[in-house]
Number of protein chains: 2
Amino acid sequence: MNQIVTNKDPEKILRNYLEKGNLRKTKERFSILKEIYNLKTHFSVESLHEHLLREHYKISLATVYNTIEHLLACKLIRRHHFEQNLSIYEPAIGQRQHDHLICSDCGYVLEFCDPRIQQIQDTMGELLNFRITGHSLHLYGHCNKLKENGICPHFEKKK
Amino acid sequence: MNQIVTNKDPEKILRNYLEKGNLRKTKERFSILKEIYNLKTHFSVESLHEHLLREHYKISLATVYNTIEHLLACKLIRRHHFEQNLSIYEPAIGQRQHDHLICSDCGYVLEFCDPRIQQIQDTMGELLNFRITGHSLHLYGHCNKLKENGICPHFEKKK
DNA sequence: CTAGCTGCAAAAAATTTGCAGTCAT
DNA sequence: ATGACTGCAAATTTTTTGCAGCTAG
């Protein structure tokens, strides 16, 4: 680390990454990044692609997949694997470290922070002689409101 | 819960589950369970099916998928989603509830338990008004021994 | 007997790949 | 100009489904 990266502007990070890798700065790549950061939510490749079409971009699914790989490589997004075999992504700049609570009924994702997870990391790293670099914690459950009235309050957000 | 289940024999648990649900006790279902508990390792549907064929069982993939659902329902196995979009399963009886520490260098998986994770579940369930049913916690890191001598001690266990 | 189960093959769902034409540099 | 990128369609991979025949109860 002989260069301190202070810039938190996603577009500049992408530009920098593409230049370093001798990759092309295509309009598709920047459009996809822009829309991801507009959305600010968790998304799948398919939901992102549908969003792009609604916004009248002419970008193919294959290009979305291609671009996602680059955005992962330069850490502009993170990939998650929740209960289904479907990759879910989220923008990764300007967010606190957090974990996820996933509703098993509607797939709705809530974010939370708990300092005890850091303590677990420290304890286990020492105990098992590992240098821990990160974690993923998913809690799964059901909205209590679902039990009360039979309607999942997040259901309309279901795909 | 008006019946206390004390029996930890997987076959009896399956038998009990099938009887309660008016489901058939087919030889395929018991063969699959037996082989899973013989293997004692993490497995995918495909790797399990291949194992069954090697052991000269004549069981189709569709039946493996069907049976896996039942074994999940009666908690004889657990499903995980690690980095790829591929379901990985493990036998769940005779094992303490545990989480996973994954070595990013060699893919080796260590299991661990920490009571604080249960506390986090309880806190967040109450705070966010969810009935939490389960969690998955993955810690990622590097063996310290790797740093010391450049050789990952678990490397030979890599798949 | 007769529902539920199995095996097979076809369908679906998610992702990857091949390739001809396009575009950033 | 030229090599990387895009869009499209076909291929792969993992999982689900439909259905005819089989079997546990």
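Numbers restart at 1 for each chain; the letters A, B, ... are given by sequence-line order, proteins then strands.
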Discussion item. Each nucleotide in nucleotides 10-15 of chain C should get exactly one letter: B, S or -. Can you fill that in based on protein heavy atoms under 4.0 Å?
Written reply: ----SB
Fill in: Start and end of chain B contact along DNA chain D [non-hydrogen atoms, under 4.0 Å]
D:dT14 to D:dG25
Fill in: Between P of C:dT16 and CD1 of A:I68, the distance in whole Å
11 Å
Discussion item. Is it the case that the side chain of A:T63 and the backbone of A:I59 share a donor-acceptor pair, with hydrogens and angles ignored and the cut-off at 3.5 Å?
Written reply: no
Worksheet entry | salt bridge (charged side-chain N to carboxylate O under 4.0 Å, His left out) partners of B:E50, counting only residues at least two apart | none
Fill in: Contact state string [nucleotides 19-25 of chain C, B base, S sugar-phosphate only, - no protein heavy atom under 4.0 Å]
----BBS
Fill in: Note: A:R15-A:E11 ion pair, threshold 4.0 Å (strictly below)
yes
Taking distance alone, no hydrogens or angles, what donor-acceptor pairs closer than 3.5 Å link side-chain atoms of residues 133-141 of chain A to residues at least two apart or in another chain?
{"unit_1": "A:T133", "atom_1": "OG1", "unit_2": "B:Y140", "atom_2": "O", "d": "3.1"}
{"unit_1": "A:H135", "atom_1": "ND1", "unit_2": "A:Q121", "atom_2": "OE1", "d": "2.5"}
{"unit_1": "A:H135", "atom_1": "NE2", "unit_2": "A:Q97", "atom_2": "NE2", "d": "3.3"}
{"unit_1": "A:H135", "atom_1": "NE2", "unit_2": "A:D99", "atom_2": "OD1", "d": "3.0"}
{"unit_1": "A:H135", "atom_1": "NE2", "unit_2": "A:D99", "atom_2": "OD2", "d": "3.1"}
{"unit_1": "A:H138", "atom_1": "ND1", "unit_2": "A:Y140", "atom_2": "OH", "d": "3.2"}

Worksheet item: Taking five pairs at each end, how big is the angle between the two axes of the helix from C:dC1-D:dG25 to C:dT25-D:dA1, to 10°?
Response: 30°
Worksheet item: Does the ring center of B:H98 lie less than 6.0 Å from the ring center of B:H100?
Response: yes
Discussion item. Within the 4.5 Å heavy-atom criterion, are B:R116 and A:T123 side-chain neighbours or not?
Written reply: yes
Worksheet item: OP1 or OP2 of C:dG4 less than 4.0 angstrom from a side-chain nitrogen or oxygen of B:N22, does that happen here?
Response: no
Worksheet item: Which ILVMFWY residues are connected to B:L86, directly or by a chain of links, through side-chain heavy atoms under 4.5 Å apart?
Response: B:F82, B:I88
Worksheet item: Within a reach of under 6.0 Å around CD of B:E126, are more than 12 heavy atoms found that belong to other residues, nucleotides or ligands?
Response: no
Item to complete: Examine distances only and state if a side-chain atom of A:R29 and a backbone atom of A:R24 form a donor-acceptor pair shorter than 3.5 Å.
Response: yes
Fill in: Listed partners of A:K75 passing salt bridge (charged side-chain N to carboxylate O under 4.0 Å, His left out), at least two apart
none
Worksheet item: Under a 4.0 Å heavy-atom cut-off, which of residues 69-81 of chain B touch DNA chain C?
Response: none
Discussion item. For A:R78, give me all partners under salt bridge (charged side-chain N to carboxylate O under 4.0 Å, His left out), at least two apart in sequence or on another chain.
Written reply: A:E90
Worksheet item: Between CG of B:L52 and CG of B:L48, what distance do you get to the nearest 0.5 Å?
Response: 4.5 Å
Practice prompt. Determine which pairs satisfy ring pair (Phe, Tyr, Trp, His ring centres under 6.0 Å) with at least one residue from residues 14-40 of chain A, sequence neighbours left out, and list them in order.
Written response: A:Y17-A:H70
Worksheet item: On DNA chain C, nearest-nucleotide positions of B:R29 versus B:A62: which is more 5'?
Response: B:R29
Practice prompt. Share the residues that join A:L53 in a hydrophobic cluster, the rule being Ile, Leu, Val, Met, Phe, Trp or Tyr side chains under 4.5 Å apart at the heavy-atom level.
Written response: none
Worksheet item: Within this structure, what is the CG-to-P distance between B:N66 and C:dG7, rounded to whole angstrom?
Response: 10 Å
Worksheet item: Take atom CD in A:Q119; do more than 12 heavy atoms of anything else shown fall under 6.0 Å from it?
Response: yes
